[in-house]
Trainee: 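Encoded as structure tokens, here's the structure I'll be asking about.
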Amino acid sequence: MLLPTRAECAGIVFNEASAFGVPSLSVDTGGVADYVKNNINGYRMPLSANGEDFALKIEEWIKEDKLSTLSKGAKKNI
């Protein structure tokens, strides 16, 4: 799940994504760190990240075959 939010208090959508084994890619702002654990169930990008940064992170996940690991981590993280 891609949620490039710039302000987030408690994104319940992160829990919903994890319940379905969907890794989350978001921005490290507000309460996102309470839900998205780097390299466990997704990744939090710095606030300065732009679209290209998000694309590079997704490309990294695909090239390094991390999606299945992140999916398993998402299910354990809820």
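The structure presented is a predicted model; accordingly, all values stated were derived computationally and were not measured. One is the number of the first residue; the rest follow in order along the sequence.
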Trainee: Under 4.5 Å between side-chain heavy atoms, counting indirect links through other Ile/Leu/Val/Met/Phe/Trp/Tyr residues: same cluster for Leu67 and Met1 or not?
Mentor: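 Different hydrophobic clusters.
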
Trainee: For the atom pair NZ (Lys57) and CD1 (Ile62), what is the distance rounded to the nearest 0.5 Å?
Mentor: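 Going from NZ on Lys57 over to CD1 on Ile62, the span is 12.5 Å.
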
Trainee: Taking the side chain as everything from C-beta on, heavy atoms only, tell me whether Pro46 gets closer than 4.5 Å to Ser48.
Mentor: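 Side chain of Pro46 against side chain of Ser48, heavy atoms only: contact under 4.5 Å found.
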
Trainee: Atom OG in Ser24, atom CG in Leu2: separation rounded to 0.5 Å?
Mentor: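 Ser24 OG to Leu2 CG: 9.5 Å, rounded to 0.5 Å.
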
Trainee: Let me confirm one number: the OG1-CD distance from Thr69 to Glu64, rounded to the nearest 0.5 Å.
Mentor: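 Between Thr69 OG1 and Glu64 CD, I get 10.5 Å after rounding to 0.5 Å.
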
Trainee: Which heavy atom in Ala74 sits nearest to a heavy atom in Ser18, and how many Å separate them?
Mentor: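 Smallest heavy-atom distance, with atoms named: O-CB, 3.3 Å.
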
Trainee: State whether the side chain of Ser71 and the backbone N or O of Gly21 hold a donor-acceptor pair below 3.5 Å, judged by distance alone.
Mentor: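 Judged by distance alone, yes, a pair lies under 3.5 Å.
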
Trainee: Considering only heavy atoms from C-beta outward, does the side chain of Phe14 approach that of Leu3 to under 4.5 Å?
Mentor: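 SC-SC contact between Phe14 and Leu3 confirmed.
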
Trainee: Is the side chain of Lys72 donor-acceptor paired with the backbone N or O of Ser68 at a distance under 3.5 Å, no angle test?
Mentor: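 Answer holds: no.
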
Trainee: Restricting to side chain to side chain contact (heavy atoms under 4.5 Å, CB included), what partner residues turn up for Leu70, sequence neighbours left out?
Mentor: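 Leu70 satisfies side chain to side chain contact (heavy atoms under 4.5 Å, CB included) with Pro23, Trp61, Lys66 only.
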
Trainee: With sequence neighbours excluded, what pairs up with Asp28 under the salt bridge (Lys or Arg N to Asp or Glu O under 4.0 Å) test?
Mentor: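 By the salt bridge (Lys or Arg N to Asp or Glu O under 4.0 Å) rule, Asp28 matches Arg44.
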
Trainee: Per the side chain to side chain contact (heavy atoms under 4.5 Å, CB included) rule, which among Asn15, Val13, Asn41 passes with Tyr35?
Mentor: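 Exactly one candidate clears the test, Asn15.
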
Trainee: Looking at every heavy atom in both Leu25 and Ile58, which two are closest together, and how far apart are they?
Mentor: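 Smallest interatomic distance, heavy atoms only, reads CD2-CG1, 3.6 Å.
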
Trainee: If Ile, Leu, Val, Met, Phe, Trp and Tyr residues are connected whenever their side-chain heavy atoms lie under 4.5 Å apart, and connections chain through other members, are Val32 and Tyr43 in the same group?
Mentor: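 Not linked; separate clusters.
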
Trainee: Can you name the residues that form a side chain to side chain donor-acceptor pair (under 3.5 Å) with Glu52, not counting sequence neighbours?
Mentor: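 With neighbours one apart ignored, the set is empty.
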
Trainee: For a quick test of reading the model, state the closest non-hydrogen atom pair linking Met45 to Phe54 and the distance between them.
Mentor: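 Smallest interatomic distance, heavy atoms only, reads CG-CE2, 3.7 Å.
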
